[in-house]
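Excluded from the calculations below are hydrogen atoms, water molecules and symmetry mates; all remaining heavy atoms, backbone and side chain alike, are included. Since we're looking at a predicted model, the values are computed, not measured.
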Amino acid sequence: MSIHTNADLRRVAARVRRDFSVAHMSDTKWRKLFGALREAAHGIRRRVKFLDVAEPQDFGTPSSVRLHPPRPWIDTAALGPVELRAIEWLEVPAVVPEPRGRGIPYREIVQDLDAVAACLAALSRFPVERTGRGLRVTGYAR
């Protein structure tokens with residue numbers, strides 16, 4: 001998932017050209033989106049699907065300092081440095097299970113998708129769609 005050399009960047013670019021027909025997001029758009037979600041939708045949980053990982057990953061909100069390491073990466077507390085171009089999509093689930101302790105059932109937290117959608121709509125034109133599970137921002141389409 002973490003890509004640290006120009007050769008790796010070229011391999012990801014070749015994979016994108018091979019597997020997808022449309023790129024909706026750029027490094028700058030992803031940074032703008034993460035910054036807006038950090039400011040306007042604090043506490044919103046999200047999941048990210050990376051190109052080279054089968055399962056989506058929980059993805060916290062990168063701080064403003066972590067959004068601006070050497071481009072084209074951002075630094076995340078949970079996943080380390082992540083290349084923005086390796087994000088296939090980002091999802092904001094409508095309902096998030098929250099553990100409450102050993103032996104205690106999970107609590108379901110309902111997220112305010114309307115606030116997230118309004119934040120993104122006010123910011124720019126992002127490829128946002130409502131799904132049965134929540135909101136999805138698509139980085140690449142087939």
Side-chain angles (χ1 to χ4, degrees), residues 1-101 104-142:
M1 192 165 18
S2 297
I3 299 173
H4 300 284
T5 68
N6 286 333
D8 291 328
L9 293 172
R10 287 190 297 274
R11 270 195 294 278
V12 168
R15 180 175 179 195
V16 166
R17 285 190 302 273
R18 182 188 72 227
D19 294 346
F20 299 95
S21 60
V22 178
H24 294 289
M25 298 289 283
S26 65
D27 294 348
T28 301
K29 283 186 175 182
W30 281 119
R31 273 194 180 76
K32 193 174 183 182
L33 179 136
F34 288 127
L37 289 179
R38 185 187 70 248
E39 297 298 321
H42 185 69
I44 292 291
R45 301 212 185 134
R46 61 198 65 89
R47 298 173 54 85
V48 173
K49 167 67 174 74
F50 294 98
L51 296 173
D52 59 348
V53 179
E55 293 295 317
Q57 306 287 314
D58 289 331
F59 197 78
T61 304
S63 68
S64 60
V65 171
R66 293 178 184 267
L67 279 173
H68 299 286
R71 300 187 190 272
W73 296 272
I74 61 171
D75 191 13
T76 65
L79 305 172
V82 174
E83 183 193 27
L84 292 163
R85 283 176 250 170
I87 299 173
E88 186 174 340
W89 51 259
L90 173 137
E91 182 178 73
V92 179
V95 178
V96 178
E98 180 178 270
R100 296 191 300 176
I104 300 173
Y106 282 75
R107 176 177 64 181
E108 290 187 341
I109 298 174
V110 178
Q111 301 201 101
D112 188 356
L113 297 182
D114 291 333
V116 173
C119 166
L120 296 179
L123 184 63
S124 183
R125 290 185 175 218
F126 289 109
V128 179
E129 65 178 303
R130 282 196 188 254
T131 66
R133 299 178 64 181
L135 288 178
R136 180 172 285 188
V137 178
T138 304
Y140 300 105
R142 298 190 193 290

To check you understand the geometry: which heavy-atom pair defines the closest contact between [X] and [Y], and what is its length?
X    : Y    : value
A36  : C119 : O-SG, 3.7 Å
Q111 : P93  : NE2-O, 2.6 Å
L90  : F34  : CD1-CE2, 3.4 Å

Gap between atom [atom2] of [Y] and atom [atom1] of [X] - 0.5 Å precision:
X    : Y    : atom1 : atom2 : answer
D58  : R45  : CG    : CZ    : 8.5 Å
R31  : K29  : CZ    : NZ    : 15.0 Å
L37  : I44  : CG    : CD1   : 8.0 Å
L120 : L113 : CG    : CG    : 10.5 Å

message: Using the side-chain contact (heavy atoms from CB on, under 4.5 Å) criterion, which residues pair with R18? Sequence neighbours excluded.
response: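 By the side-chain contact (heavy atoms from CB on, under 4.5 Å) rule, R18 matches R15.
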- request: Could you list the residues that satisfy side-chain contact (heavy atoms from CB on, under 4.5 Å) with P56, not counting sequence neighbours?
  value: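 For P56 the side-chain contact (heavy atoms from CB on, under 4.5 Å) partners, ignoring immediate neighbours, are R47, W89.
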query: So which pairs with a foot in residues 105-122 pass salt bridge (charged side-chain N to carboxylate O under 4.0 Å, His left out), sequence neighbours left out?
result: E98-R107, D114-R130
- request: Just jot down the side chain to side chain donor-acceptor pair (under 3.5 Å) partners of R133, sequence neighbours excluded, or say none.
  value: none
- request: Return the set of residues passing side chain to side chain donor-acceptor pair (under 3.5 Å) with K49 (not counting sequence neighbours), or none when no residue passes.
  value: E88
- prompt: Is the backbone of S21 close enough, under 3.5 Å, to the side chain of R142 for a donor and an acceptor to pair up by distance?
  reply: no
Pairs under 3.5 angstrom only: tabulate donor-acceptor contacts from the side chains of residues 134-141 to other protein residues two or more places apart or in another chain.
unit_1: R136; atom_1: NH2; unit_2: E91; atom_2: OE2; d: 3.4
unit_1: Y140; atom_1: OH; unit_2: R85; atom_2: O; d: 2.7

